[in-house]
Amino acid sequence: MPQTSSAQPGTGPKPAVRADHPGVTELFALLAYGEVAAFYRLTEEARMAPNLAGRISMASMAAAEMRHYELLRDALAERNVDVVPAMTKYASALENYHRLTTPSTWLEALVKTYIGDALAADFYLEIADVLPEEAAGVVRSVLSETGHSQFVVAEVRAAVTASDRQRHRLALWSRRLLGEAITQAQYVMADHDELVDLVISSGDGLLQMSEFFDRLQRTHASRMQELGLA
């Protein structure tokens, strides 16, 4: 999952959970399934590219997702956890998100890659801020910049500059991505108390959860501006 420049890892509270907190294992498992799902999504959407350069860029991003999956697989193995059964419990929520946000055009695929994946990165990086150093390092490595975000920005900005119709369509699409991402994140949190405990471990409870989702919306607005959609 690519991280955009809007994310700011390392700026939150100091680590507040133990290295053996069960939520850390759950977070790694959730991320692992996300990487596998992203790999298949990107390889499928590469076929929508209008030219070879676009297909290569999508394929390179897909390859990066699998490298990140392998990092998580190894981190779980160090905890004596088998990655496949651990991550399978998150399949429903993540697959539902992708089903509800299947792009119909190449430009929609690009916007989803840039905005949708970055929203997920925001979610995970918020949690990383309260993890012990080693676990936080794994999360941030998985969400590290893949180097392709500028390719997406350039393609989308060129298209929306040339067509107001495209700008309006993609602005609505990006808002849909935000809504579905928040909805699925809430479903995941509702089903997994260990992850909720990580989010609120700095002690602010439900207020922190509310502020957390508010921050997702603010960073989303910033990315819409970067793409020329605001």
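We're numbering straight along the sequence, starting at 1.
Separating the CG atom in L170 from the CG atom in L107 is a distance of 5.5 Å, to the nearest 0.5 Å. In this structure, the separation between OH on Y187 and CG on L94 is 14.0 Å, given to the nearest 0.5 Å. Atom-to-atom distance recorded for E194:CD and M189:CE is 11.0 Å, nearest 0.5 angstrom. A distance of 8.0 Å separates CD in E180 from OH in Y97, rounded to the nearest 0.5 Å. Here Q217 contributes atom CD and R175 contributes atom CZ; the two are 12.0 Å apart, rounded to the nearest 0.5 Å. Distance check, rounded to the nearest 0.5 Å: CG of L110 to CE of M48 gives 9.0 Å.
The main-chain N or O of A109 is found under 3.5 Å from a side-chain atom of T113 such that the two form a donor-acceptor pair. Not one N or O on the side chain of R79 forms a donor-acceptor pair closer than 3.5 Å with the backbone of D74. At distances below 3.5 Å, not a single donor-acceptor pair connects side-chain atoms of T161 with backbone N or O atoms of A158.
A46 meets the side chain to side chain contact (heavy atoms under 4.5 Å, CB included) test with M58; sequence neighbours excluded. Every residue meeting the ring-ring contact (aromatic ring centres under 6.0 Å, His included) condition with H192, not counting sequence neighbours, appears here in chain and number order: Y90. Considering only residues two or more places apart in sequence or on other chains, E108 meets the side chain to side chain donor-acceptor pair (under 3.5 Å) condition with S104, R169.
Residues A86 and V81 share a closest heavy-atom pair of CB-CG1, 3.7 Å. The minimum heavy-atom distance between R167 and G228, with the atom names listed, is CD-O, 3.3 Å. For the residue pair E95 and A37, the shortest heavy atom distance occurs at OE2-CB, 3.9 Å. Pairing each heavy atom of L143 with each of A121, the nearest pair is CD1-O, 3.8 Å. Here the shortest heavy-atom pairing between L119 and L177 reads CD1-O, 4.1 Å. Across every non-hydrogen atom of A49 and G54, the tightest pair is CB-C, 3.7 Å.
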Candidate pair F28 and V138, rule side-chain contact (heavy atoms from CB on, under 4.5 Å), full reasoning: CA-CA 9 Å; F28 286 175; V138 171; 3.9 Å; yes
Tell me, with the steps shown, if Y69 and V83 meet side-chain contact (heavy atoms from CB on, under 4.5 Å). CA-CA 10 Å; Y69 161 77; V83 63; 3.4 Å; yes
side-chain contact (heavy atoms from CB on, under 4.5 Å) between E26 and L30, intermediate numbers included: CA-CA 6 Å; E26 294 302 317; L30 173 58; over 6 Å; no
Check the pair M87 / L72 against side-chain contact (heavy atoms from CB on, under 4.5 Å), numbers first and verdict last. CA-CA 10 Å; M87 71 181 185; L72 290 157; over 6 Å; no
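Between H68 and R73 the shortest side-chain heavy-atom distance does not fall below 4.5 Å. Side-chain contact check for L131 versus H21: every heavy-atom pair is 4.5 Å or farther apart. Under the 4.5 Å side-chain criterion, counting only non-hydrogen atoms from C-beta, R18 is not in contact with P132. Proximity of L76 to D82: side-chain heavy atoms (C-beta onward) are nowhere separated by under 4.5 Å. Counting only heavy atoms from C-beta outward, the side chains of T88 and Y33 never approach each other to under 4.5 Å. Counting heavy atoms from C-beta outward, W173 and P103 have side chains that approach closer than 4.5 Å. Counting heavy atoms from C-beta on, the side chains of L229 and H168 never come closer than 4.5 Å. Looking at heavy atoms from C-beta onward, V139 lies in side-chain contact with L31 at the 4.5 angstrom threshold.
Looking at D122 and R223, a side-chain N of the basic residue comes within less than 4.0 Å of a carboxylate O on the acidic one, giving a salt bridge. Between R41 and E45 a salt bridge is recorded (basic side-chain N to carboxylate O distance below 4.0 Å). The pair E226-R157 does not count as a salt bridge, with every side-chain nitrogen at least 4.0 angstrom from each carboxylate oxygen.
Grouping the Ile, Leu, Val, Met, Phe, Trp and Tyr side chains by contacts below 4.5 angstrom, directly or via other members, places L172 apart from V160. Side-chain heavy atoms closer than 4.5 Å link hydrophobic residues (I, L, V, M, F, W, Y) into clusters, and following such links, possibly through other members, connects M61 to Y40.
Of the listed residues (T101, N96, T102), just one forms a side chain to side chain donor-acceptor pair (under 3.5 Å) with R99, and that residue is N96.
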